[in-house]
Amino acid sequence: MAAQPAWVRRFLRNKGAVGGALVLGFWVVVAMLGNAIAPHDPTDTIAMARQPPDAEYWFGTDTLGRDVFSRVILGTRISLQLGLISVLLGAIPGVPLGLLAGYFGGMTDAVISRTIDALLAFPSILLALVIIAALGPSLRNVMIAVGIGTVPLYARLVRGSVLSVRRLPYVEAAWVVGNPHIRIMLRHVLANCYAPVVVLATLNIGNAILVGSGLSFLGLGAQPPTPEWGLMSAEGRDVLRRAWWISTFPGIAILSVVVACNLVGDGLRAALDPRMRLDP
């Protein structure tokens, strides 16, 4: 059996990170098997409204008599997709922009950096609200809005990493022997800047789910009868004292995924960042 990479060993020694990975893996399995393990259709009225949790309905029923357990199970796929797609929409433009700015410098760096600074002037939630106001409330538009809000984070992170790498001897040697810029950027520069991007992406998955759920809670994201965790929490807020389970179980699901993503992200940062490594 091949030896484990050093960063994997460091990650596995971090109990919090391993615990977060297990929780995240659990939700991924739930998302993949949702249709098989959900006992009821999440949009069907199957019982009396606001029925408390019991042996038949583990999480009770909501204000329309739908099974909360089935809605939480099938909402897992929607929430995880929201986080992953939002991260991709932020990283796909953000990483190349930061790479170009850091590698070429000069006017290219100035134009890209000033554009990124302009986007950073707006709080991410405010920028998301503006984009949704322009595009209309929907789950797809929430993904777009959250993704655009994270573009500056990736661009600045990659730019800083590239600036610290591009003057290293092996990069200058690749330039001297005549390698084209695109080859140097992808094979020699970006390949040695991936660690902070992976960490940021992992942390942003949880943040995207949290922001997306918040926007759905406000009625700007997923629309009824979609079983999305933020929307489900909003549907139970008016009857929270009489039917606490309607909002509580989706809220616990959001909390567990966000905390798990943060724990995994912190573990990856400790394992991949040489400045945080005290042992091999």
Side-chain angles (χ1 to χ4, degrees), residues 2 4-8 10-11 81-124 127-128 130-131 135 140 143-208 261 264-277 280:
Q4 291 178 332
W7 73 267
V8 174
R10 287 189 291 269
F11 181 85
Q81 284 179 344
L82 188 155
L84 290 172
I85 294 175
S86 298
V87 165
L88 289 176
L89 291 177
I92 289 174
V95 170
L97 286 173
L99 180 60
L100 291 172
Y103 182 82
F104 288 108
M107 184 59 67
T108 302
D109 184 18
V111 172
I112 294 176
S113 296
R114 296 297 79 75
T115 303
I116 295 303
D117 290 342
L119 289 174
L120 286 172
F122 296 92
S124 58
L127 182 61
V130 171
I131 294 172
L135 300 178
R140 181 192 63 183
M143 296 177 188
I144 295 173
V146 176
I148 291 175
T150 60
V151 170
L153 303 180
Y154 291 99
R156 293 195 68 178
L157 177 67
V158 174
R159 175 183 177 274
S161 299
V162 171
L163 287 174
S164 65
V165 168
R166 69 173 183 172
R167 295 303 182 189
L168 294 178
Y170 70 88
V171 177
E172 293 186 349
W175 178 77
V176 169
V177 298
N179 283 305
H181 289 303
I182 186 67
R183 180 182 177 86
I184 297 174
M185 284 191 293
L186 296 179
R187 184 169 182 177
H188 299 287
V189 177
L190 186 59
N192 290 281
C193 300
Y194 75 93
V197 175
V198 171
V199 173
L200 179 61
T202 305
L203 294 171
N204 272 346
I205 290 176
N207 183 66
C261 288
V264 172
D266 288 340
L268 287 173
R269 180 172 56 187
L272 294 171
D273 191 343
R275 292 170 297 183
M276 300 183 66
R277 298 207 292 259

Can you find a heavy atom in the side chain of [X] that is under 4.5 Å from one in the side chain of [Y]?
| X | Y | result |
| --- | --- | --- |
| Arg187 | Asn179 | no |
| Tyr170 | Val165 | yes |
| Val189 | Tyr103 | yes |
| Leu120 | Arg156 | yes |
| Leu190 | Val162 | no |
| Leu272 | Phe11 | no |
| His181 | Phe104 | yes |

Mark yes or no for whether [X], through its side chain, and [Y], through its backbone, hold a donor-acceptor pair below 3.5 Å.
| X | Y | value |
| --- | --- | --- |
| Ser164 | Ser161 | yes |
| Arg159 | Gly102 | no |
| Thr150 | Gly147 | yes |
| Asn207 | Leu203 | no |

Identified side-chain contact (heavy atoms from CB on, under 4.5 Å) partner of Leu100 from the options Ile112, Val95, Val111: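 Answer to the side-chain contact (heavy atoms from CB on, under 4.5 Å) test with Leu100 among Ile112, Val95, Val111: Ile112.
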
Heavy-atom pair of closest approach, residues [X] and [Y]:
| X | Y | value |
| --- | --- | --- |
| Pro93 | Gly90 | CD-O, 3.6 Å |
| Ala155 | Leu97 | CB-CB, 4.4 Å |
| Leu89 | Met143 | CD1-O, 3.6 Å |
| Val158 | Leu99 | CG1-N, 3.6 Å |
| Asp109 | Ala101 | CB-O, 3.4 Å |
| Ala208 | Leu82 | O-CD2, 3.2 Å |

